[in-house]
Amino acid sequence: MSNQPKAYQIAVIPGDGIGKEVVPAAQQVLEATGLPFHFVVLDAGWECFQRTGTALPPSTLAALRSCNGAIFGAVSSPSHRVPGYASPIVAMRKELDLYANLRPSLSAPMKGSQLGIDLLIVRENTECLYVKRERLEDDGDTAIAERIITRAASTRIARMAFRQARQKAKTKRQKGLVTIVHKANVLSISDGLFRESALAVAADYPDVAVEDQLVDSMLYRLIREPQRYDVVVAPNLYGDLLSDAAAALVGGLGLAPSANVGDTFVLVEPVHGSAPDIAGKGVANPIGAILSAAMLLRHLGEDAAARRIETAVHSVLAEGPHTPDLGGGATTEGVTAAVIKRLEIGD
Ligand code: NAI
Ligand code: MG
């Protein structure tokens, strides 16, 4: 018997386009932490659909269920409707009940990022307009989309937000703040239910401050004063929009990580897509995927290793090298090697 700790089983789904470049980069960084990992590479996406007739093979889903977590790159979606094709990321969120989408935005030490921002958007990941119940009326001129908000989903996403705020407050040594986002002045029934459910959860977290804000003024204030926000909880669509805006404040898409979290599983992914315009050139920014890998470690309870990766990334952002999206001339490989080198120096 060896004393080697049991390896974490991590599913790796590169997907399409630059997913196939940035996910291996994140995998190398995970390996460089020295923690024991066993990686299981799985197939999904548009190329997979073209090859096999399904974008998410049952074998991928079955293998995922036996892993501790997953890292996903990106998939391409056809711009027109293709019979039989459905986005695998949406299907995975549903199948694995990954009900929370966590999207942190942290100031980066470089031009193009504002200072003093450390916020986390907790986006509901299963309902709202994304249930995709759309139809065209018989006249062909009226389109209707249903929007579902339930007390159960609103309550569990609010619990996630308050837990995250409590956790964040510990490391920052200050009282956490949760901002509940809604549009209950217009959608008084659906957004009213979201707001009411989230406020009911707040009562269980007296150590965390709470406020609620209309989504339009929230977006305005996010742009004007991003530093005042801590944890923001929102229904699916508002969370989607707010988190892209927040990413723009701290250096852009190439840097933004995210995690899809359920009660028993976590799947992390960079926020960006498959970027067909730069795919295959070796210049995709791997930082979004690398920071996503750090989020995966945090969910596995490996906080120290997650922090080491974040510190290494911070130093590469401050000193370079940078990929072309950040105005530099480095390759994906060059930036990844620089992160790994700093991880080793940090040891
Ligand atoms: P995109 O995020 O792929 O690209 C937008 C722009 O940002 C492009 O100019 C791209 O070159 C640049 N960019 C993105 N990530 C970058 C990185 N890591 N380094 C350097 N530059 C980067 O979004 P777009 O163009 O709207 O979509 C392209 C494809 O990706 C579509 O098929 C879309 O459906 C899919 N997509 C998939 C997502 C996912 O799998 N979760 C999310 C968003 C889009
Ligand atoms: Mg989006």
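The figures that follow rest on heavy atoms only: side chains count, while hydrogens, waters and symmetry mates do not. Values in this document were obtained by computation on a predicted structure and should not be read as measured data. Order of appearance sets the numbers: ligands from 1, and atoms from 1 within every ligand.
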Say whether Thr323 and ligand 1 are in contact under the criterion: heavy-atom distance to a ligand atom below 4.0 Å.
no

Say whether Asn236 and Glu127, considering side chains only, have a donor N or O and an acceptor N or O under 3.5 Å apart.
no

Can you label the angle between the Phe162 ring and the Tyr205 ring as parallel, tilted or perpendicular, going by 30° and 60°?
parallel

Taking only non-hydrogen atoms of Gly288, do any sit less than 4.0 angstrom from ligand 1?
no

Of the listed options (Ser87, Ala279, Gly15, Ser274), which comes nearest to atom 30 (O) of ligand 1 when hydrogens are ignored and any heavy atom counts?
Ser274

Evaluate Val22 for polar contact with ligand 1, using N/O atom pairs at a separation under 3.5 Å.
no

At under 4.0 Å between heavy atoms, which part of Val283 makes contact with ligand 1: side chain, backbone, both or neither?
neither

Ignoring hydrogens, just give me the one of Ser77, Pro286, Pro78 whose non-hydrogen atom is nearest atom 32 (O) of ligand 1.
Ser77

Check against salt bridge (Lys or Arg N to Asp or Glu O under 4.0 Å), Glu302 and Arg308
CA-CA 10 Å; Glu302 297 287 356; Arg308 281 173 56 216; over 6 Å; no

A student checking ligand 1 against Ile18 at a 4.0 Å heavy-atom cut-off should list atoms 15 (N), 16 (C), 17 (C), 18 (N)

Non-hydrogen atom of Asp277 closer than 4.0 Å to ligand 1:
yes

Minimum non-hydrogen distance to atom 19 (N) of ligand 1, winning option of Val271, Ile89, Asn285
Asn285

His182 pairs by side chain to side chain contact (heavy atoms under 4.5 Å, CB included) with which of Gln213, Arg195, Met218?
Arg195

Under 4.0 Å from any heavy atom of Ser76, which atoms of ligand 1 are there?
32 (O)

Under 3.5 Å, is there a donor-acceptor pair linking the side chains of Glu31 and Thr33?
no

Does the side chain of Asp118 pick up a donor-acceptor pair with the side chain of Tyr229 at under 3.5 Å?
no

Report yes or no: do Asp240 and Tyr130 form a side-chain donor-acceptor pair below 3.5 Å?
yes

So if I count the atoms of ligand 1 from 1 in the order they appear, which ones are less than 4.0 Å from some heavy atom of Pro276?
28 (C)

With atoms numbered from 1 as shown, which atoms in ligand 1 lie under 4.0 angstrom from a non-hydrogen atom of Ala74?
40 (O)

Which atoms of ligand 1 have any heavy atom of Ala284 under 4.0 Å away?
19 (N)

Closest candidate by heavy atom, reference atom 42 (C) of ligand 1, pool Ala256, Gly17, Gly273:
Gly273

Quick note on ligand 1: atoms under 4.0 Å from a heavy atom of Glu269 include exactly 41 (N)

Please check if the side chain of Asp16 supplies one atom and the backbone of Val75 the other of a donor-acceptor pair under 3.5 Å.
no

Asp191 and Tyr238 side chains, donor-acceptor separation under 3.5 Å:
yes

Distance under 6.0 Å and angle within 45° of ring axis: Arg93 vs Tyr99:
no

Can you tell which part of Ile278 has a heavy atom less than 4.0 Å from ligand 1: side chain, backbone, both or neither?
side chain

